[in-house]
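Scroll down for the structure; my scribbles are underneath it.
For this chain, numbers begin at 1 and follow the sequence in order. Values in this document were obtained by computation on a predicted structure and should not be read as measured data.
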Amino acid sequence: LALGSVTWWGHGRHAYLGSELGGRFFSRNVRFLKKCAILRRMRSLKQKQQSEIALAIPLGVPHLGRVVHGIREYAKLKTQWRFLISPETHNLPPRSLAGWEGRGVIALSNTAEDEDVLRQLACPVVNISGAVASSHFPRVLKDYKGIGEAGAAYLRERGFRRFGFYGVEGLWYSGQIEKGFCEFGE
């Protein structure tokens with residue numbers, strides 16, 4: 001074990017301290033030194049311990065692949081996260097996490113069933129889905145209304161006076177994009 005810059009070996013009440021202290025035997029405070037070294041080692045292991053984070057996001061969807069790439073790049077630079085994914089299916093649905101005991105979840109929770117399963121977990125959850133109007137969990141979302149406004153502004157700046165919106169019925173985010181598009185386009 002290393003204690004600061006001093007390496008020591010020993011058993012019982014004696015420890016041999018490495019060359020920096022001249023290789024002398026010390027019997028006093030050996031117990032104290034061992035306790036300090038063990039506590040330091042435990043602290044450093046705890047700090048270096050990776051947290052398992054579930055990515056409950058379908059990886060086969062192109063734009064979600066870019067989201068996952070961004071999450072992984074952030075984690076590589078700023079965290080000690082290790083990700084739980086399903087590489088075989090490219091999909092880890094929230095319902096598959098029932099009973100899981102990780103440190104956190106980043107999920108695409110699109111249904112009440114997903115929310116129910118995630119609510120039972122004993123870890124923090126962040127939802128990145130805009131499919132429903134509200135979520136039990138904190139969410140990271142785009143400015144969907146602003147996206148619609150930007151789309152309408154783009155067409156108007158290019159001289160278009162008559163244009164329409166195409167979206168997905170029943171999804172909250174699509175309704176917000178349509179709202180921004182129509183309000184700005186009028």
Side-chain angles (χ1 to χ4, degrees), residues 1-2 35-152 154 165-183:
L1 289 175
K35 283 181 183 176
C36 289
I38 290 169
L39 288 173
R40 283 191 184 119
R41 180 80 175 135
M42 287 171 61
R43 271 192 228 120
S44 73
L45 286 174
K46 193 173 186 180
Q47 289 170 350
K48 292 177 185 174
Q49 188 177 37
Q50 292 184 332
S51 297
E52 190 171 43
I53 307 296
L55 289 179
I57 303 169
L59 301 178
V61 180
H63 74 278
L64 292 176
R66 292 192 301 270
V67 170
V68 170
H69 176 75
I71 292 168
R72 285 183 172 161
E73 287 300 307
Y74 171 82
K76 196 184 315 180
L77 295 173
K78 304 279 186 176
T79 72
Q80 290 289 321
W81 292 350
R82 183 181 52 166
F83 292 104
L84 172 69
I85 59 170
S86 177
E88 298 84 17
T89 63
H90 299 288
N91 189 19
L92 183 66
R95 66 183 167 277
S96 69
L97 295 173
W100 181 68
E101 296 181 6
R103 299 275 300 187
V105 179
I106 301 172
L108 190 70
S109 176
N110 293 324
T111 66
E113 179 185 302
D114 290 345
E115 293 263 327
D116 291 342
V117 170
L118 293 170
R119 216 175 303 169
Q120 293 173 16
L121 298 176
C123 64
V125 175
V126 175
N127 187 3
I128 63 167
S129 174
V132 294
S134 64
S135 176
H136 176 74
F137 304 105
R139 295 198 296 183
V140 177
L141 300 173
K142 300 169 190 75
D143 177 5
Y144 296 115
K145 191 174 173 192
I147 290 169
E149 291 170 356
Y154 178 84
F165 174 80
Y166 176 82
V168 182
E169 193 173 341
L171 295 178
W172 178 79
Y173 74 85
S174 187
Q176 293 298 301
I177 295 171
E178 179 181 14
K179 186 176 180 181
F181 186 87
C182 291
E183 286 176 4

What do the steps show when you test S51 against T79 for side chain to side chain contact (heavy atoms under 4.5 Å, CB included), and what is the final call? CA-CA 9 Å; S51 297; T79 72; over 6 Å; no
Side chain N127, main chain F137, donor-acceptor under 3.5 Å: no
So which atom in S129 and which in A131 form the shortest heavy-atom distance, rounded to 0.1 Å? OG-N, 3.1 Å
How close do N110 and V132 get, counting heavy atoms only, and between which atoms? O-CG1, 3.5 Å
Correct closest heavy-atom pair for E113 and R95 would be OE2-CD, 3.4 Å
Are F181 and I147 packed together at the side-chain level, in the sense that at least one heavy-atom pair is separated by less than 4.5 angstrom? no
Sole residue of L64, D114, V67, L55 in side-chain contact (heavy atoms from CB on, under 4.5 Å) with L108: L64
Say you draw a straight line from CH2 of W100 to CD of E52; how long is it, rounded to the nearest 0.5 Å? 5.0 Å
Work out which heavy atom in A107 is nearest to a heavy atom in L118; give both atom names and the distance. CB-CD1, 3.8 Å
Should we count NE2 of H136 as having more than 12 external heavy atoms under 6.0 Å? yes
Heavy atoms, side chains only, cut-off 4.5 Å: are V140 and V126 in contact? yes
Looking at CD of E149 and CG of D143, how far apart are the two atoms once the value is rounded to the nearest 0.5 Å? 7.0 Å
Residues 55-74 vs salt bridge (Lys or Arg N to Asp or Glu O under 4.0 Å), sequence neighbours excluded, gives E73-K76
Are the side chain of S174 and the backbone of L171 linked by a donor-acceptor contact shorter than 3.5 Å? no
Would a 4.5 Å heavy-atom cut-off, applied to side chains only, mark I53 and R103 as touching? yes
Please report the interatomic distance CH2(W172) to OG(S135), rounded to the nearest 0.5 Å. 11.0 Å
When you look at L141 and Y144, which way does the side chain to side chain contact (heavy atoms under 4.5 Å, CB included) test go after all the steps? CA-CA 8 Å; L141 300 173; Y144 296 115; 3.9 Å; yes
Spatial distance of atom CD (E178) from atom CD (E183) [nearest 0.5 Å]: 10.5 Å
What heavy-atom pair brings P93 and A56 nearest, and what distance separates the two atoms? C-CB, 4.5 Å
On a heavy-atom basis, which atom in L92 and which in L97 lie closest, and how many Å separate them? CD2-CD2, 4.2 Å
